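Everything below concerns the one structure shown next.
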Amino acid sequence: MKIGFIGLGIMGKPMAKNLIKAGHQLVVFDIVKDSVNEVVAAGASAAASAKEAALSCGHIITMLPNSPHVRTAVLGENGVLEGAKKGSVLIDMSSIAPGVSKEIACECEKAGIKMLDAPVSGGEPKAVDGTLSIMVGGDKALFESVKNDILLKMGASAVYCGGIGAGNTTKLANQIIVACNIAALAEALTMAKKAGVDPELVFEAIKGGLAGSTVMNAKAPMMIAGNFKPGFRIDLHIKDLANALDTGHSAASPLPLTSSVMEMFQALRADNAGSDDHSALAKYYAKISGEEISKKAL
Ligand code: NAD
């Protein structure tokens, strides 16, 4: 299959490479030339714009930071809609506001283009080994038509969640759970250290019990080592929680925990930690408690 792929960042690069490994022909575009060159070296052809990437491909994937970037790449000048033929399929795998997915899908429909929103969870390691969790919104038959040959070449699971925007609503639920878990972990390990128990021993003792989680296994070692290299940047998690708060408030669904963690992230960003991994919530607790989880000075 010939697939246009737009957005070759931390996630897009390995996802595009996995599609090439699966035997697809890729035409790729990113505003950063070095990223394009890296995927071309892996077997893709380069396009000079999103329009050009869409011109010759029946399927187009976007993997971009947030709603404005997807709007620009799809609806803007030299965007996907200027190049894509009627009947083409756009799969937006970025994590964006569900309302914006609906708006973009509506514009696509006017141009005869079908769209799915299909954000992912799993981060760079799972993008590299092709085991992402993919959550999808849009037409069910359209989802079935791309599930095995495209989505499951990048992910270990692809679950249909409902109409357009449902993929991104599901992703927001994921991001709320991850953010609150990391904050709870930072709070608990800081309390243990202040009360005189080694956080490393706390982690060893509880990771197999009810409190244990994928988040704990990934983030406790980072907090204990004082290593906040991303991973998933605080700036991106702020973007997701802003979308979650908008979506929750529009649906009259209060989000008291999300609001609290959002303010912690805002404090960290104001303290120049926006590019740190989200496990740097440990730094927030160090500030308010005067105690660091890590033995290493922060
Ligand atoms: P990134 O910032 O590393 O990559 C985004 C890429 O898009 C960059 O290469 C940038 O140059 C390119 N870009 C921006 N505007 C463009 C445009 N108009 N046309 C073409 N290219 C453009 O981001 P990422 O970490 O790869 O994340 C992508 C999406 O996946 C985000 O929505 C993010 O929230 C989500 N996500 C990220 C992770 C993670 O761990 N990094 C995990 C799950 C989901």
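Counting starts at 1 for both ligands and their atoms, following the listed order. Bear in mind the structure is a predicted one, so any value in this text is a computation, not a measurement.
Checked by atom type and distance alone, the side chain of Asp277 pairs as donor or acceptor with a backbone atom of Phe232 at under 3.5 Å.
The shortest heavy-atom distance from Lys13 to ligand 1 is not under 4.0 Å. Residue contacts with ligand 1 do not include Met93, since none of its heavy atoms lies under 4.0 Å from the ligand. Residue contact check for ligand 1: Pro65 places a non-hydrogen atom closer than 4.0 Å to it. Heavy-atom distances between Ile31 and ligand 1 reach below 4.0 Å in at least one pair.
Of the residues Val28, Leu151, Ile150, Ile6, the one that meets the side chain to side chain contact (heavy atoms under 4.5 Å, CB included) test with Ile61 is Ile150.
For the residues Arg233, His278, His237, Met11, the heavy atom positioned nearest atom 26 (O) of ligand 1 is part of Met11. Taking all heavy atoms of Gly123, Pro68, Pro125 into account, the minimum distance to atom 40 (O) of ligand 1 is reached by Gly123.
Atom 21 (N) of ligand 1 lies below 4.0 Å from at least one non-hydrogen atom of the protein.
The shortest N or O to N or O distance between Ile6 and ligand 1 is not below 3.5 Å. Ligand 1 has no N or O atom lying under 3.5 Å from any N or O atom of Thr72, backbone or side chain. Backbone and side-chain nitrogen or oxygen atoms of Leu64 are examined, and one is located within less than 3.5 angstrom of a nitrogen or oxygen of ligand 1. Looking at Ser95 next to ligand 1, an N or O pair under 3.5 Å apart turns up. Between Leu236 and ligand 1, no N or O atom pair is found at a separation short of 3.5 Å.
Within the listing of ligand 1, atoms 31 (C), 32 (O), 33 (C), 34 (O) sit less than 4.0 angstrom from a heavy atom of Lys239. Proximity to Lys171 (heavy-atom distance under 4.0 Å) selects the following atoms of ligand 1: 43 (C), 44 (C). Numbered from 1 in the order shown, with element, the atoms of ligand 1 that lie under 4.0 Å from a heavy atom of Phe29 read 19 (N), 20 (C).
With salt bridges taken as basic N to acidic carboxylate O contacts below 4.0 Å, none links Asp30 and Lys13.
When hydrogens are left out, the protein atom nearest atom 12 (C) of ligand 1 is Asp30 OD2, 3.2 Å; that is the closest non-hydrogen contact.
Contact annotation for Lys126 and ligand 1: no heavy atom of the residue comes within less than 4.0 Å of the ligand.
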Exercise answer: donor-acceptor pairs, residues 94-119 side-chain atoms, under 3.5 Å, sequence neighbours excluded:
{"unit_1": "Ser94", "atom_1": "OG", "unit_2": "Leu64", "atom_2": "N", "d": "2.9"}
{"unit_1": "Ser94", "atom_1": "OG", "unit_2": "Leu64", "atom_2": "O", "d": "3.4"}
{"unit_1": "Ser94", "atom_1": "OG", "unit_2": "Asp92", "atom_2": "OD1", "d": "2.6"}
{"unit_1": "Ser101", "atom_1": "OG", "unit_2": "Asn168", "atom_2": "ND2", "d": "3.0"}
{"unit_1": "Glu103", "atom_1": "OE1", "unit_2": "Arg71", "atom_2": "NH2", "d": "2.7"}
{"unit_1": "Glu107", "atom_1": "OE2", "unit_2": "Lys110", "atom_2": "NZ", "d": "2.9"}
{"unit_1": "Asp117", "atom_1": "OD1", "unit_2": "Gly137", "atom_2": "N", "d": "3.3"}
{"unit_1": "Asp117", "atom_1": "OD1", "unit_2": "Gly165", "atom_2": "N", "d": "2.9"}
{"unit_1": "Asp117", "atom_1": "OD2", "unit_2": "Gly165", "atom_2": "N", "d": "3.4"}
{"unit_1": "Asp117", "atom_1": "OD2", "unit_2": "Gly167", "atom_2": "N", "d": "3.1"}
{"unit_1": "Asp117", "atom_1": "OD2", "unit_2": "Asn168", "atom_2": "N", "d": "2.8"}

